[in-house]
Amino acid sequence: MRMIEQKQIKAIWAAARENGLDKQSVYDVIAAIAEKEHMTDLTYMEAAKVLGKIRGQQGESAAPKRTDQGGDKETVPLRRKIYALTGELGWNDDNGRINGFAKKMFKVERIEWLTVKQCHILIEALKQMIDRPMKQAK
């Protein structure tokens, strides 16, 4: 497992200064995201999420914000379920990942354009992806 790098530590502290966050606030973000007490215990991906969260507090988002605006109104709750599942997969820091997956499966550019039936198929595919590591561990 790849651990936090020195350049990430520097970037976290620089972003904290830019946003006016004190040391305790930075460690509060670390605890909320990674449930760890020490910055040096973070993995590379956890550090990236912490940095994104700190930058997001300033208004700069690390990834484009997801939206449930537009698209079929009937799919809004289904898209929320899709976002929850992508969070379990660790995909929430890259909105293009789920859109790319939808494009590969259904030839649509964004999940907002999926039909109700396509959303259900995508949800089942994501559930299988989440269950796969558990089945392999047995």
Side-chain angles (χ1 to χ4, degrees):
M1 184 176 305
R2 191 169 162 196
M3 299 305 289
I4 190 171
E5 296 179 352
Q6 191 64 34
K7 66 181 181 180
Q8 285 179 302
I9 292 172
K10 289 178 181 179
I12 288 171
W13 288 118
R17 274 191 307 276
E18 290 171 11
N19 289 300
L21 297 179
D22 62 1
K23 183 178 180 178
Q24 185 58 48
S25 297
V26 171
Y27 281 96
D28 289 344
V29 172
I30 291 169
I33 290 177
E35 298 178 357
K36 295 185 179 170
E37 293 183 26
H38 305 287
M39 189 180 298
T40 54
D41 292 340
L42 294 173
T43 65
Y44 183 86
M45 288 304 297
E46 289 170 339
K49 289 177 185 178
V50 167
L51 183 57
K53 176 68 174 171
I54 291 172
R55 286 181 175 162
Q57 291 174 349
Q58 182 186 16
E60 293 178 28
S61 179
K65 291 188 179 180
R66 294 196 159 145
T67 177
D68 280 326
Q69 298 173 353
D72 187 349
K73 290 182 182 177
E74 292 180 21
T75 65
V76 171
L78 296 171
R79 285 183 271 150
R80 287 189 185 127
K81 177 66 175 175
I82 290 168
Y83 292 145
L85 293 170
T86 59
E88 289 183 46
L89 289 168
W91 291 8
N92 276 348
D93 58 339
D94 183 8
N95 198 23
R97 194 158 183 187
I98 187 60
N99 285 328
F101 192 63
K103 184 176 182 179
K104 183 178 180 181
M105 287 183 72
F106 305 109
K107 309 289 189 256
V108 297
E109 296 292 324
R110 301 173 50 98
I111 67 168
E112 286 84 359
W113 301 345
L114 295 175
T115 65
V116 172
K117 182 177 179 180
Q118 289 171 329
C119 284
H120 284 293
I121 293 169
L122 183 59
I123 288 169
E124 290 306 313
L126 292 170
K127 285 180 182 178
Q128 289 176 1
M129 291 172 71
I130 291 167
D131 289 342
R132 193 174 304 143
M134 289 180 211
K135 288 179 183 175
Q136 290 175 351
K138 291 182 181 180

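Side chains are part of it too, since the values below use all heavy atoms of this structure and drop only hydrogens, waters and symmetry mates.
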> Just how far is it from atom OG1 of T40 to atom CD1 of I4, taken to the nearest 0.5 Å?
Replying inline: 8.0 Å
> How far does CG of L78 sit from CD1 of I123, to the nearest 0.5 angstrom?
Replying inline: 4.5 Å
> Can you name the salt bridge (charged side-chain N to carboxylate O under 4.0 Å, His left out) partners of E88, sequence neighbours left out?
Replying inline: none
> Listed by chain and number, what are the salt bridge (charged side-chain N to carboxylate O under 4.0 Å, His left out) partners of K23, not counting sequence neighbours?
Replying inline: none
>> With heavy-atom distances below 4.5 Å as the criterion, would you say the side chains of V26 and M39 are in contact?
In response: yes
>> How long is the straight-line distance from CG of L122 back to CD of Q118, given to the nearest 0.5 Å?
In response: 9.0 Å
> Are V50 and M3 in one and the same hydrophobic cluster, where Ile, Leu, Val, Met, Phe, Trp and Tyr link if side-chain heavy atoms are under 4.5 Å apart?
Replying inline: no
> Which value, rounded to the nearest 0.5 Å, describes the distance between I30 atom CD1 and K49 atom NZ?
Replying inline: 14.0 Å
>> Under a plain distance cut-off of 3.5 Å, with no hydrogens placed, do S25 and D22 share a side-chain donor-acceptor pair?
In response: yes
>> According to a hydrophobic-cluster definition based on side-chain heavy atoms being under 4.5 Å apart (Ile, Leu, Val, Met, Phe, Trp, Tyr only), do L42 and Y44 belong together?
In response: no
> Taking C-beta and beyond as the side chain, do K127 and K81 meet within less than 4.5 Å on heavy atoms?
Replying inline: yes
>> Once ring-ring contact (aromatic ring centres under 6.0 Å, His included) is applied, do any residues pair with F101, and if so which ones, sequence neighbours excluded?
In response: W91
> Just wondering, do L126 and I98 contact through their side chains at under 4.5 Å, heavy atoms?
Replying inline: yes
>> With side chain to side chain contact (heavy atoms under 4.5 Å, CB included) as the criterion, how do R97 and T86 come out once you've worked through the C-alpha distance, each side chain's angles and the decisive distance to 0.1 Å?
In response: CA-CA 9 Å; R97 194 158 183 187; T86 59; over 6 Å; no
>> With rounding to the nearest 0.5 angstrom, report the CD1 to CD1 distance, I111 to I82.
In response: 5.0 Å
>> If hydrophobic clusters are built by linking Ile, Leu, Val, Met, Phe, Trp and Tyr wherever their side-chain heavy atoms come under 4.5 Å apart, do M129 and M45 end up in the same one?
In response: no
> How long is the gap from CD1 on I121 to OG1 on T115, to the nearest 0.5 Å?
Replying inline: 7.0 Å
> Are any of the side-chain heavy atoms of L89 and I130 separated by less than 4.5 Å?
Replying inline: yes
>> Tell me which pairs pass salt bridge (charged side-chain N to carboxylate O under 4.0 Å, His left out) where either residue lies in residues 36-46, with sequence neighbours left out.
In response: K36-E46
> Can you check whether T75 reaches L114 side chain to side chain, under 4.5 Å on heavy atoms?
Replying inline: no
> Please walk me through it: do I9 and Q6 pass side chain to side chain contact (heavy atoms under 4.5 Å, CB included)?
Replying inline: CA-CA 5 Å; I9 292 172; Q6 191 64 34; 4.1 Å; yes
>> Among residues at least two apart in sequence or on other chains, which ones pass side-chain hydrogen bond (donor to acceptor under 3.5 Å, both in side chains) with K103?
In response: E109
> Less than 4.5 Å apart, any side-chain heavy atom of L51 and any of Q8?
Replying inline: no
Report all side-chain donor-acceptor pairs from residues 10-17 shorter than 3.5 Å, counting only partners two or more places apart or in another chain.
none

